[in-house]
Amino acid sequence: MKQVLLTGGLALVLTAFTAAPSLNVDAQLNYCVGQATKTAAMLPKSAPNLPRNILAGKTSWNYIRYTDWTSGFWPGTLWYLYEFTKDPKWKAKADSFSRELAPLARQKAIDHDIGFQMYCSFGNGLRLTGNPEYKQLLLASADTLATLFNPKVGTILSWPRSVPNMEWPQHNTIMDNMINLELLFWAAKNGGGKGLYTMAVSHAATTMKNHFRPDYTSYHVVVYDRDTGKKIKGVTHQGYADHTMWARGQSWAIYGYTMTYRETKDPVFLDFAQKVTDVYLERLPADLIPYWDFQAPDIPDAPKDASAAAVTASALLELSTLVKDKAKASHYRDKAEQMLESLSSAQYQSRSVNPAFLLHSTGHKPNNSEVDASINYADYYYIEALLRLKKLRTGKPVLAKL
Ligand code: GLY
C-alpha cells in the first residue's frame, strides 16, 4: 500500500494500491481466532444466542434465533476457525451451533435464506467432517428450498410474504437469492435429483436476463407476474433507489455467477460473472471498500459496507482460478488481495473496539438498521476469503480442505 500526501489548503491523504500486496494471512486468521474467542466467552447459554450484529458505538453482540436469515454465519465462522486451527474445541462449538438450525431442514420454507443458513453451517460441516447426518439435513433443506420455485417464472420466490412495494402475492426474486443456488447444485450432485440442478440453472439464467441494466449493474428485486412469468418491474429494497447499484446486491451477483459457472461450466456464466465484476471494480473508491450504495447521494460521507467487500474478495479469489485469460485472472487475484489488505487495516478491523472481526458494514440503510455496524456475514465472508487466499498460496483449490 502506498500513501500519497497531497497538500494545498486542506491536507488530503489518499491511499493508493500500486503493488501486489503481501498480506500476512496467518496473522489475520489468528486475529480472527482471538476475536472469536472473546465472542464465544460472552454468548448466552440458550437461544437467542447466535451473534448477529454489534451496532455503531456498542461493544456487545445482539443475538438471534435459528429462524433469522443470518443464523448460519456464526456456525459457519466456527467451522472456518476449526478448519484453520484444527482445534476440536472449535469443531464442537461449530457442531453445536449448527444443530440449532436443524429444524429449518424440514419445516415449511420461511424464505430463500434457508440456502445461506444451512449451507454456511452444515455445508461447511459436511465438507470438513463428512458427517452423514449433515448430508441428510442438507438434502432435506434443498428440497425445502425447491418448494419456493415457480416454474412459470423460472426462479425461486425469495420472500413468500407481503413486503412493501413487492405487489404481493406476485412473485419476487432478489439478487441475494443467487447464493442459495449453491445448496441446490450441491444436492443435485449428492442424491437430490437432477431437477434441482435444472431449477438452479433456470434461476441463474432468468435472473441474468431480467435483473441487470445494460451496464451490468443489478436491481435488488425483480417482481414477476406469478401466473404468466412476465417481469413487472425492477426495484430496490435495501439500496438507495431503483436505478442505483446497491453494493452488497452487486457482491451477491459477483459471488453467485462465479459459483454458477463453477457448477455448470457454461461459459455464458463465466462471461457474465466478469461483466458484473468489472463494473463493480471500476466504480470502487480508492480503499476498495464500497459505500453502501454506489450512488448514495452523500458520498464521500456515506457509510461504507465492509460486508460487500468481504463477499467480493472471496468471490474474486475463486473467479481468478476460473478465468482463462492470465492477465484478467491476476487482475482479479490482485484486487481480492488488496481488498483483504484494506479490510485487515486498523480502519476496518474491530480489534479492541468490539469482539467482531470487522467494523463498517451496512445492513439496511433505508430502514436505518445496522448502519456502519459489525455484522456476522461480514465476518463470515472475511474469514472465508482469508482461508481461500491461504489455500491458493499453497497451491490448493479454494474449496479444498486446508
Ligand atoms: N440477504 C440480505 C442482505 O444481504 O442484506
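In this chain, residues are counted from 1 in sequence order. Each ligand, and each atom within it, is numbered from 1 in the order the structure gives.
- Checked against Glu83 for a salt bridge (charged side-chain N to carboxylate O under 4.0 Å, His left out), the options Lys396, Lys401, Arg127, Lys390 give a single hit: Arg127.
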Protein N/O near ligand 1 N/O, under 3.5 Å, which pairs?
| from | atom 1 | to | atom 2 | distance (Å) |
| --- | --- | --- | --- | --- |
| ligand 1 | 1 (N) | Asp176 | OD2 | 2.6 |
| ligand 1 | 4 (O) | Asp176 | OD2 | 3.3 |
| ligand 1 | 4 (O) | Arg248 | NE | 2.8 |
| ligand 1 | 4 (O) | Arg248 | NH2 | 3.4 |
| ligand 1 | 4 (O) | Trp252 | NE1 | 3.0 |
| ligand 1 | 5 (O) | Gln238 | NE2 | 2.8 |
| ligand 1 | 5 (O) | Arg248 | NH2 | 2.6 |

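- The shortest side-chain heavy-atom distance between Val276 and Ser218 does not fall under the 4.5 Å cut-off.
- Under the side-chain hydrogen bond (donor to acceptor under 3.5 Å, both in side chains) criterion, the residue pairs touching residues 266-282 are Asp271-Lys275, Gln274-Lys328, Asp278-Lys328, Asp278-Tyr332, Tyr280-Thr312, with sequence neighbours excluded.
- With sequence neighbours excluded, the residues that form a side-chain hydrogen bond (donor to acceptor under 3.5 Å, both in side chains) with Trp61 are Thr39.
- Cation-pi check for Lys231 over Tyr224 is not met; the charged atom does not lie both under 6.0 angstrom from the ring centroid and within 45 degrees of its normal.
- Evaluation of the ring pair (Phe, Tyr, Trp, His ring centres under 6.0 Å) rule for Tyr261 yields no partner, not counting sequence neighbours.
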